[in-house]
Amino acid sequence: MWTWIHRLASPKTFYGYSARAARWLWVVALLLALPGLYMALFWSPPDYQQGESVRIMYIHVPAAWLSMFAYVMMAGAATTGMVWRIKVSTAVANACAPVGAWFTVLALATGSLWGKPMWGAWWVWDARLTSELILLFLYLGYIALANAIEDRDTAARATAILALVGLVNIPIIHYSVEWWNTLHQGPTVTKLDKPSIHLSMLSPLLLMALSFTAYFGAVVLRRARCEVLERERRSGWVRELVEGQDG
Amino acid sequence: MERLDEPLFSDLSFVVDAGRALRLSGRNGAGKTTLLRILCGLTPPTAGDVRWCGEALQRCYPDFVADLCYVGHVPGLKGDLNPVENLLFHTAGRAASGVSPEAALARVGLPPECEETPCRRLSAGQQRRVALARLLLTRARLWILDEPFTALDPEGRGRVEALLGEHLRGGGLAVVTTHHHMELESDRVVVLELDDGQ
Amino acid sequence: MGNSGLAGMLTATLRRDLLLAYRHRTQLANPLVFFTIVVTLFPLALNPEPQLLGTIAPGVVWVAALLAAMLSLEEMFRSDFDDGTLEQVALSPYPLSLVVLAKVAAHWLVSGLPLLLLAPLLGVLLRLDTVALGTLVATLLLGTPVLSLIGAIGVALTVGLRRGGVLLSLLVLPLYIPVLIFAAGAVSNAQAGLEVTGQLALLGSILALSVALAPLAAAAALRISLS
């Protein structure tokens, strides 16, 4: 097991392996999304309170889960890259950032769309949406710092520290926003949370979540491949690859 | 060592013994300052390691650093403090050589009336002298000096060379980058030429 | 050497930073003036009617304090970085995190403490009652050191960058949000006559966590910026 991970750390092996892995993950994502969407849009029952608009939840909730998952992955990969000096790991971390940010945007957009039919407002200062917004700021900060530092190795280490600091802060931010929300809750109950979990609602939710995860994996691997290729442009195997393509 | 994704130098290997000085030379941009910073442990090398007394830097870093005095390109002085205050700060918490800041400043040739002036108002050459005075206040065995002779007049250069010679004779080590030819016993100086990618 | 060496170095760092701030004492007032102006902007932009002012006061004072703290962060490591003294400090045999703690303490004494002393005055301008004012001072006492500590991490990450100012705000402000929420919430509660011990305890724990972890992160970030 460890030797396999060790071999993955070599840019050349990673480059070869990730192409195949990404293709498989695309397929898995699609295979899970089709039944997931069908169940979400047609098969699962409408909520007795919210009617059909609850179906947005099947995109919103998995997107929010993925945005958190992506951040944890990002922090983990960045730390591994910094501590053990594995460039592939850093490339993966850098790849997670924009993908995670887009998932956050998706969660915010779908949350907003969900809120409109219910409360007639495009934005509600609900605990989850506010937390997602702050998470988006953390992502944007990471991306901004990565772009601001010119030397790639220095950028890798600095963004790793930022990601870790963010990771430690995320629970604190969540808790504080929850508390803030309960403090200022009006008479109407802001409930973008899942309604009572019933199997008919849980299964499409999980299917969509798994599908998103596979999609996330595929996109991150592709992006990381690009960065690895660029970083290693001067090494032998890349030159062979390029020459092989020309010939 | 790579900087901004471009290699600076590779396959470097050398040893400096007690009583010897290593002089780094090479054209501008060859990576001399980067190499010095790697030796100090400020910049991590892309590959390879630095050893002090046989041990890797990471393992003996506090002891290494206690035995090191680094004077870089930038003087390392607070402009709002006068030379004596600056030197006193540098000795705080470190093993002192017993030399007073005033005596050290005298040895590097700083006029006594400058001792109370904020360093901001000193000339570049005077600031360099104050920075080098630090060397006398510690009991560091390794001196790493980046272009120590910049901005110094011939009298200043002579003083610094004298200090360096004395340090080497006392069993100290030095790594120096300079374009200026040093008047030291030639068997004590080893020259390392940094060329493109070498 | 040993213990007295470490204590000697830390006190020397603290004294030197305070001395440097003293030599620049005319500039110390700038964040305070900024603080006052920002607080004044709100009654000007909104209705200066006492009821309204009273409701928004806790938030306004805290947001203004936050922004003033952000402004003063720039001084923390930048001048040391530029004149080469920071790398000399990094080359000391003592843990850089402790030196960072000493520097942050000096920074707080120079910029956070004055905010604390000025805030009650501004609270009166915004019609806060005495109980709320007391809570305001308590939250600032617990909160401003956290702002300095977390800010130190941000400054350490951006100190080597040429135009790090706005990036610094982008990095640090999201991390300030919990402190803002609990502190402003506490003062609002005090105004309404409710319990504030919970929020103060939370602020205290955030402070403890920051004192323990922020210097380590900031020291690591400084070494990265220096490399």
Side-chain angles (χ1 to χ4, degrees), chain A residues 71 75 78-79 81-83 85 90 97 101 104 125 127 130-185, chain C residues 55 58-59 146 149-154 156-186 188-189 192 194-195 198-199 202-203 205-207 209-210 212-214 216-227:
Chain A
Y71 197 94
T79 314
M82 175 174 80
V83 170
R85 308 279 203 93
T90 314
T104 317
W125 284 102
T130 314
S131 286
E132 286 290 313
L133 187 60
I134 300 177
L135 186 63
L136 182 62
F137 295 151
L138 291 177
Y139 272 118
L140 294 177
Y142 180 97
I143 296 173
L145 186 65
N147 285 337
I149 301 180
E150 288 175 0
D151 182 54
R152 233 200 278 253
D153 290 323
T154 316
R157 287 183 292 146
T159 48
I161 301 244
L162 185 65
L164 276 179
V165 172
L167 193 65
V168 168
N169 269 280
I170 284 178
I172 304 181
I173 293 177
H174 259 286
Y175 180 65
S176 66
V177 171
E178 287 276 340
W179 178 83
W180 164 80
N181 195 241
T182 54
L183 192 66
H184 298 286
Q185 222 165 56
Chain C
T55 344
V146 178
L149 283 164
I150 296 182
I153 305 178
L157 285 172
T158 55
V159 74
L161 303 175
R162 262 164 292 121
R163 279 163 299 151
V166 180
L167 178 62
L168 177 62
S169 321
L170 174 60
L171 296 181
V172 162
L173 284 176
L175 301 174
Y176 277 177
I177 289 178
V179 176
L180 178 66
I181 290 180
F182 290 132
S188 294
N189 273 6
L194 300 169
E195 268 295 308
Q199 287 85 339
L202 279 168
L203 283 176
S205 4
I206 294 181
L207 177 61
L209 193 65
S210 310
L213 297 182
L216 296 169
L222 279 178
R223 287 202 191 271
I224 292 172
S225 288
L226 282 172
S227 70

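So you know, we letter chains A, B, ... as the sequences are listed, proteins then strands, and number each from 1.
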If one checks every heavy atom of L180(C) against chain A at 4.5 Å, the contacting part turns out to be neither

Taken to the nearest 0.5 Å, the spacing of I172(A) CD1 from S210(C) OG works out to 7.0 Å

- prompt: Do the non-hydrogen side-chain atoms of W180(A) and F182(C) ever get within less than 4.5 Å of each other?
  reply: no

Contacts of E132(A) meeting side chain to side chain donor-acceptor pair (under 3.5 Å) (sequence neighbours excluded), chain-then-number -> S67(A)

Nearest heavy-atom approach of L161(C) to A148(A) is CD2-O, 3.5 Å

Residues pairing under ring-ring contact (aromatic ring centres under 6.0 Å, His included) where one sits in residues 142-167 of chain A, two or more places apart or in two chains, turn out to be none

message: Checking I150(C) against V165(A) for the side-chain contact (heavy atoms from CB on, under 4.5 Å) test, could you report, in this order, the C-alpha distance in whole Å, the side-chain angles of both residues, the deciding distance, and whether it holds?
response: CA-CA 9 Å; I150(C) 296 182; V165(A) 172; 5.8 Å; no

dist N169(A):CG -> I206(C):CD1 (nearest 0.5 Å) comes out at 8.5 Å

Could you check whether any side-chain heavy atom of W179(A) comes within less than 4.5 Å of a side-chain heavy atom of L202(C), counting everything from C-beta outward?
no

Assert top hit (heavy-atom pairs under 4.5 Å, partner chain A, pool L157(C), T158(C), L171(C)) equals L157(C)

- State, yes or no, whether a side-chain contact exists between I181(C) and I173(A) at a heavy-atom distance under 4.5 Å. no

To the nearest 0.5 Å, atom OG of S227(C) lies from atom CG of D151(A) at 7.5 Å

Whatever's closer than 4.5 Å to a heavy atom in chain A on L175(C) counts as both

Separation between OG (S176(A)) and CG (L203(C)), nearest 0.5 Å, reads 10.5 Å

Looking only at L164(A), I170(A), L145(A), L138(A), most heavy-atom pairs under 4.5 Å shared with chain C are made by L145(A)

Counting heavy-atom pairs under 4.5 Å with chain C, the top scorer among G141(A), A160(A), G166(A) is G141(A)

Heavy-atom closest pair (A221(C) atom, I161(A) atom, distance to 0.1 Å) is N-CD1, 4.0 Å

